[in-house]
> 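Have a look at this one.
The figures that follow rest on heavy atoms only: side chains count, while hydrogens, waters and symmetry mates do not. One-based numbering, in listed order, for ligands and for the atoms of each. All figures in this text were calculated on a predicted structure; none of them were measured in a lab.
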Amino acid sequence: MSTIQLKTPIPGPKSKALAVRRESALPRGLSHAAPVYIAKAEGAVIEDVDGNRFIDFTGGIGCVNVGHRAPEVVEELQKQLDRFLHVSVQVTPYESYIELAERLNALTPGKFSKKTFLLNTGAEAVENAIKIARAHTGRQGIIAFEDAFHGRTMMAMALTSKTHPYKAGFGALPGDVYRIPYAYCYRCSYSLKYPSCDLFCARHLEDTFKRVVASEDVAAVIAEPVLGEGGFVAPPQDFYKVLIDICRKHGVLFIADEVQSGFGRTGALFACERYGIEPDLLVSAKSLGGGLPLGAVTGRAEIMDAPGPGGLGGTFTGNPLACVAALAVLDMFEKKDLSRRASELGAKFQDRAKKWQKVWPLIGDVRGLGAMQALELVRSRETREPAAEETKQVMDYCYKHGLISLTAGSYSNVVRLLVPLVITDEQMNEGLNVLEAALHSVAEKNSAVPQSV
Ligand SMILES: Cc1ncc(COP(=O)(O)O)c(C=O)c1O
């Protein structure tokens with residue numbers, strides 16, 4: 001029996017009524033991918049207020065790698081509801097916070113002594129990683145990448161690359177942020193080809209220290225090991241080793257933002273493991289909380305200890321519900337081998353997507369690591385002109401036919417896969433069938449020659 005069940009045209013009448021209320025109650029700046037209002041969610045399936053059932057390829061933007069309402073997470077939350085909700089770790093601390101820090105210290109890459117500080121969101125964790133890096137090095141400069149996304153608060157926004165809608169009109173942005181090209185091989189900023197480029201983009205950091213900002217003024221380089229909002233770009237295997245060697249030579253810290261690439265998404269608990277690298281500071285959030293808001297900065301103990309007492313904090317940081325949820329998430333990763341499942345799901349996606357790419361020129365690039373997979377859509381294989389409008393048409397077709405999916409990319413022309421890792425094979429195939437039908441429909445509409453897989 002199919003998982004997708006559509007009882008009304010999408011959006012249904014109750015969703016439409018909520019959309020009217022939304023329009024008058026919420027600011028237009030808060031946009032959404034699909035106009036369906038949700039009543040419940042379980043695993044990789046969500047049901048809207050009209051009783052329509054959808055397969056979810058977005059996991060709340062990569063926040064439920066363990067699935068919606070994972071039973072293990074819900075059970076721990078229920079127990080915590082009977083204990084206490086909020087006391088603030090800055091007033092009277094509690095054990096779950098300490099236990100979570102201990103486990104993250106042990107699980108994040110690097111055999112050195114580590115400490116962890118918990119926050120509420122990814123952006124807040126990024127902000128704090130920058131504070132800690134500056135306090136430790138006594139330097140101000142931060143180097144970020146083209147196509148990076150680090151969040152929507154002031155410093156995180158300054159580190160973010162895409163102008164519209166994230167930065168335009170919101171300045172003045174915090175200073176001392178410098179930007180260099182990422183290893184986005186499909187759109188190489190230097191028009192070079194890997195591997196003959198010899199990782200020019202990574203080596204160029206040396207040049208940046210001569211021509212843009214002196215290394216002794218730079219506290220850290222911050223990178224997403226695999227680009228998230230920027231289009232799910234996984235750099236070549238040796239990119240980070242070259243980059244980090246240069247950082248170390250100059251006493252510059254390396255911060256890995258694993259907010260989107262973390263918690264099993266790429267086939268390892270952290271994408272850094274896939275690259276064999278050990279960041280000085282690792283920022284995590286999203287799927288760490290199993291659906292609850294939680295962020296973390298984990299790093300070398302001596303760096304984490306740089307800010308003095310009271311220098312780090314926040315009323316709700318590491319709230320008790322989120323801490324017990326995260327402990328359940330980590331247990332699930334140990335028991336269910338979800339990272340291996342991520343690799344299986346990624347292989348399934350690649351298998352289908354490579355076939356689609358042979359048939360439809362619309363699909364310029366198929367790429368990813370583990371289950372962090374994407375399609376980049378283009379108007380022409382030769383010019384690689386981004387097909388943003390067509391990408392939106394694909395997304396619209398998907399939700400109207402029972403699949404919730406998301407775009408990404410600086411040119412809004414990437415279809416990304418953030419499926420909960422607990423999805424069944426049947427549900428995954430059903431979701432991919434809808435995506436295939438969407439691509440077929442959009443590719444045919446935009447091409448003179450009808451084609452099929
Ligand atoms: C890599 C990365 N860093 C930071 C953030 C910001 O996280 P949050 O939205 O929880 O503030 C995101 C959000 O998508 C992200 O993908």
> Tell me whether Ile61 reaches ligand 1 (any heavy atom closer than 4.0 angstrom to a ligand atom).
no
> For Phe239, does the six-membered ring have the charged nitrogen or CZ of Lys241 within the cation-pi criterion, i.e. under 6.0 angstrom from the centroid and within 45° of the normal?
no
> With a cut-off of 4.0 Å, which atoms of ligand 1 are near a heavy atom of Gly151?
6 (C)
> Quick one: look up the protein heavy atom nearest atom 3 (N) of ligand 1 and list residue, atom name and how far away it is.
Asp257 OD2, 2.7 Å
> Carefully, step by step, assess Arg341 and Asp337 under the rule salt bridge (Lys or Arg N to Asp or Glu O under 4.0 Å).
CA-CA 7 Å; Arg341 180 67 181 150; Asp337 204 1; over 6 Å; no
> Decide, yes or no, whether a salt bridge links Glu47 with Arg53 under the criterion of side-chain N to carboxylate O below 4.0 Å.
no
> Going by the order shown, which atoms of ligand 1 are within less than 4.0 Å of some heavy atom of Glu224?
1 (C)
> With heavy-atom distances below 4.0 Å as the criterion, list the atoms of ligand 1 near Glu229.
14 (O)
> Does Gln260, backbone or side chain, put an N or O under 3.5 Å from an N or O of ligand 1?
yes
> Would the Phe149 and Tyr166 ring centres measure less than 6.0 Å apart?
yes
> Is it the side chain, the backbone, both or neither of Ala285 that has a heavy atom closer than 4.0 Å to ligand 1?
neither
> With the threshold set strictly below 4.0 angstrom, can you tell me whether any protein non-hydrogen atom sits that near atom 9 (O) of ligand 1?
no
> Could you work out, for atom 4 (C) of ligand 1, the closest of Glu127, Glu124, His150 by heavy-atom distance?
His150
> Check step by step if salt bridge (Lys or Arg N to Asp or Glu O under 4.0 Å) holds for Glu376 and Arg367.
CA-CA 8 Å; Glu376 176 154 357; Arg367 58 172 178 251; 2.8 Å; yes
> Under 4.0 Å, heavy-atom basis, I'd like to know which part of Lys286 is in contact with ligand 1: side chain, backbone, both or neither.
side chain
> I'd like to know if Arg416 and Glu229 make a salt bridge, using a cut-off of under 4.0 Å between side-chain N and carboxylate O.
yes
> Test of understanding: given a 4.0 Å heavy-atom threshold, classify the contact between Glu258 and ligand 1 as side chain, backbone, both, or neither.
neither
> Taking the minimum heavy-atom distance to atom 5 (C) of ligand 1, which of Val259, Val226, Leu227, Val283 ranks first?
Val259
> Is any side-chain N of the basic residue among Lys131 and Glu127 closer than 4.0 Å to the acidic one's carboxylate O?
no
> Short N/O distance, under 3.5 Å, between Gly122 and ligand 1?
yes
> Check step by step if salt bridge (Lys or Arg N to Asp or Glu O under 4.0 Å) holds for Asp331 and Arg103.
CA-CA 10 Å; Asp331 286 345; Arg103 288 184 69 179; 2.9 Å; yes
> Taking the non-hydrogen atoms of Ala123, is any one of them nearer than 4.0 angstrom to ligand 1?
yes
> Assess whether a salt bridge exists between Asp396 and Lys392, defined as any Lys/Arg side-chain N lying under 4.0 Å from an Asp/Glu carboxylate O.
yes
